[in-house]
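Read the structure below first, then the notes.
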Amino acid sequence: MPAFKISTKEGKDGVELELIEEEGVTAWAATTPMSVVGKPHPRLEGREKVSGRARYASDVRLPGQLYARVLRSPYPHARIASIDTSKAEAAPGVHAVISVLNVPDMPWFKDGKLFDRTLRYIGDEVAAVAAESEEQAEDALHLIEVTYEPLPYVMTAEAALADGAPKVHPEGNIGGEVVEYERGDLDAGFRQAEVMVERTFTTQAALHNSLEAHGCTASWEGDHLTIWSSTQAVWVVRDQVAEKLELPQHHVRVIKQHMGGGFGAKQIPWKPDVIASLLSRNAGRPVQLILDRRAENLASGNRNPTRQTVRIGAKRDGTLTAIEAIITQEIGAYRTGGEASNVSGTYKSLYRCPNVHTKQTPVYINTGPAVAFRAPGYVEAAFALEQVMDELAHRLELDPVTLRERNYADHDQESGKPYSLPEGLQLAYDQVAPALAEMRQERNRGSETRRRGVGFAAHDWMGGHGDPPGYAQIELNADGTVNVITGTQDIGSGTRTGLAQVAAEELGLPMAAISLQLGDTAVGPYSPVSSGSATQATIGPAIRAAAADLKRQILDVAAALLETRAERLSIEDGQVLVDGKRPGEVSLAEVADKIKPHMLRAEGARGPNPEDLIIRTFGAQCAAIEVDTETGEITVQRVVTAHDCGRIVNPTLVDSQIIGGIVQGVGFALTEERITDDARGYVLNPNLENYHVPTVKDIPAIEHRHIGVPDSKANSTGVKGIGEPPLIPTGPAIANALHDALGVRIHEAPLTRERVLAALDGRNTTGEEPR
Amino acid sequence: MKPFAYASPHSLDDAVALLANDQDAKFLAGGTDLLTLLKGDLLAPSQLIDIKRLAELDDQITLAGDMVRIGALTSLSDLETHPLVAEHAPALAEAAAVAATPQLRNMATIGGNLLQRPRCWYFRDPEIPCWLKGGDSCPARTGENQHHAVFDLSPCVAVHPSDPASALLAHDATVEMRGAQGSRTVPLAELFAPPTDGRRIETTLQPGEIITALTLPAVAGRSTYLKAMDRKTWAFALVGVAARVKQDSGRISEARVVLSGVANVPWRATAAEQVLVGQKPSSEVLRAAADAALSGAEPLTKNGYKLPIAQALVRRALEATLG
């Protein structure tokens, strides 16, 4: 049983309780020998996935199941003057239609409703239909008669902030809080500076484009509701659906077994969960609502476009004296509550600097709402900050790594607390710097029209520390196998395998003896949302705590069986050994069989993160590219990367995250951009034809140089997250390589042919001298 | 999508008759463009006439005398790999190979490839009014026109999306068509025409007509097709260039330069060809030809970058064919 302590303190609303779980284990040391953790065990669900048997939300087939489609606003801003759904209701195969006419006023996001008479972006939900086939549902949408009154709209922050701009919401176009931060004396810092760089950068709306779209299958039995949802947060969906539908929480069960990508866009509950549930209740049949690609790309989140004006000052030796970043972010038409794009974060922390000012202004525009996208904010900021640092290095004729080393931040400057692994970033520099030198050797192989360049970028990331609490249970079966049960979900990264390895290690069992269950609120104990690269660092220690408790129980029983003391016993490969020796061992199966039908069970919890430390993840990356100066084509040839993610539980899984992150980074850098016609209010590429994610031919050789130093102060497993970080430095590393190749710099992402050719033509360049 | 009837006739006459009796019917072969038009609510045909089983239509590539004949149902994959194409029209093999994806190339037929509708994102969105769809004006002219035409030939500024079309034009292909009034054979160039007020489509195929085959001279000589895309593969051409040259005693005796992605139609750059013919190949001549290829171009607000790309590709394509 997880032990915990309760503390009380007077808060502004009376007594506040704090409950702190205790894990009851000491952290694995860097020197602790490991037999399962650290090994490239294949994914437990790999066979299921490659054979097509893995069941995703859209694979659910229930008797009588209906299929739903959503009618969406064709206008960026409009009012529904009238709506008539009667023809759709009478259409063949249709069993339920919902809209603002028959759904009570249900608040959604921080500033919207499930169905509203005001529509604020192309794709905003107008009505939904459930029918016996998807085609019938789609056809019925055309029979819904809506009279729209188009309203004036704003498609950019610039337009939204102009005097007299149309208002996205009655309160105005500032979407939430303007966040401002200051430390030291910025003006004094700039006065001390001997070199200054000031540039303005823009980053684009990038779309997550998970292979598996958002959606769910909802089914009622009496007043109990089950939802198979494509979500990163089964518990949050459960609680939200229960709240919206006024159901007790134990009447709602949310299941997510496999995930075809989330990348942050599925970290909040979206409307389809409730829409499908309402349709299902009205129709008296299960309802499946899976978004098509257009809806996915219009109405399921995006990385917020930013404009960042960055000013840095430094001494001639490279010491930073001042950093300022003035940021606007276009958050779309609603505050989803999961936008979480902390663009100012890295400006405060990545480099040692006493004088810092950041200001971040979120702005509403009439497009789909933004939501977290793999390292939200940090990807956008790194594109700017790391180009400015590169320019500074160039100006000072310093090696880019040297400049960064001279501004090394070994503690968190915002809180003053030390980092749990202060050398993390330096370890990444040490891995990547030699690769950068190698790449420079090959740079001269280019030609006049095929110029080569190499670029470097560093990053930190506010996540990866784990988000306690989180819980796990373990049971020993009568045959010596164990069931590990958690309520987390696999975002697609191989969560099951990494977690099972922790259990196997602690219990001294082979992987084959472990089953791991997750992704079902009816089965597992609470776990937090899979975001912030948190899952392994949150749930791993909870499982380890449970496994340690189970092991104690096993050894107690084995001690009685072997007529010895438990302190002399250990478990290796499923055998309980006395003083570590064979023979004389007893198997776990024998232990379990001896006590059956009694069962050994244990629970574990993830204790709090240390209060006196800040846990961050760090990394560095270098890229080699070739640029065709006549056609503007960029070819990324090679990327070498290193990341401090603490102990590496499974190198294959970590490599997969590295590859996936860099692939998305190449897309962000070169090709991915939602295109809007701002004058007319159109979104032109909510598809995969003109929204260009990278293909296999666009991907460079990717080399991950493992660090793998356990962060033993972070948690009992020494693990930190790796899901988000690899994407952060890819864009600026490529942009810096472009500057190295051409002597011109591009401040707008993505680096399209148009921009490359314009920069070469002397337009939109920084004023830096061409090489 | 509106329901439609499906017919699978066995003879060309039956197919043509079916179409003659139903103006709202459409032929179905590979379906790679047709299905996107149906799903995009841009077409709502009354019936689809499947032409894959017609006795007279084929997917064969054959040599007949000094002509290579390509059946209208030939897939892009076959064009990419067939030895006769590689030998007699390398530009066509290369153009097929850089079109779409292997899956699409396996399905798509050459006849349909020539007749596919533009990929303009205004045209393809059923919610957006546009001139080509019968509206008053073309929003791309003053909108997001980075993928659009640099030659202003029509109220519409969408570009023809085909890669093989330019290669076929560079090889002086002719197209055989069959309609209710019988057969006709015309130079392929005549199949394409910028849309006009009275004909808001990019081809001159008459209602009820069907492409049956393409033929091109089996002449020796080198040709190539180069393509610039927004990513390395699986994208329509920003610019494509098909080039074919013949040399005689060290001088260029015949030249074809045809561009994709720059106009409503595959754009034959006759000005460039004129610069080349009679000249000894040199970097100056090639540069002059590349400049001439874009003479008369009037880029829109956001597609001026296509000009240097096109010039570079013309030069490189010529270098490759002369090299």
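Lettering follows sequence order; numbering is per chain, from 1.
Residue R231(B) is tested with V666(A), L670(A), V693(A) for a side-chain contact (heavy atoms from CB on, under 4.5 Å); the sole match is V693(A).
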Pair H147(B), L684(A) - check side chain to side chain contact (heavy atoms under 4.5 Å, CB included), show working. CA-CA 12 Å; H147(B) 296 158; L684(A) 294 171; over 6 Å; no

List the steps and the verdict of side chain to side chain contact (heavy atoms under 4.5 Å, CB included) for R680(A) and T142(B).
CA-CA 10 Å; R680(A) 297 176 179 84; T142(B) 54; 2.7 Å; yes

Would E689(A) and F236(B) count as a side chain to side chain contact (heavy atoms under 4.5 Å, CB included) here? Give the steps. CA-CA 9 Å; E689(A) 177 186 335; F236(B) 288 93; 3.6 Å; yes

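Proximity to chain B (any heavy atom under 4.5 Å) is shown, for L141(A), by neither the backbone nor the side chain. Only the side chain of E633(A) comes within contact range of chain B, judged by heavy atoms closer than 4.5 Å. At a 4.5 Å heavy-atom cutoff, the contact between D139(A) and chain B is made by side-chain atoms alone. If you measure heavy-atom distances from P139(B) to chain A, the contacts under 4.5 Å come from both the backbone and the side chain. Residue D628(A) touches chain B through its side chain alone, counting heavy-atom pairs closer than 4.5 Å.
The line from CD of Q146(B) to CD1 of I675(A) is 5.0 Å long, rounded to the nearest 0.5 Å. Expressed to the nearest 0.5 Å, how far NZ of K232(B) lies from NE2 of H692(A) amounts to 13.5 Å.
Among all heavy-atom pairs drawn from A312(B) and T631(A), the shortest one is CB-CG2, 4.0 Å. Residue L757(A) comes nearest to P308(B) through the heavy atom pair CD1-CG, 4.2 Å, listed as atom of the first residue, atom of the second, then distance. Closest approach of D677(A) and E144(B) over heavy atoms only: CA-CG, 4.1 Å. Closest approach of H142(A) and D41(B) over heavy atoms only: CE1-OD2, 3.5 Å.
Other residues, nucleotides and ligands contribute more than 12 heavy atoms inside 6.0 Å of the CD atom of Q47(B).
Checked for salt-bridge contact, D292(A) and K39(B) miss the test: no charged N lies under 4.0 Å from a carboxylate O.
Residues Y682(A) and D125(B) have side chains not in contact (no heavy-atom distance under 4.5 Å, counting atoms from C-beta outward).
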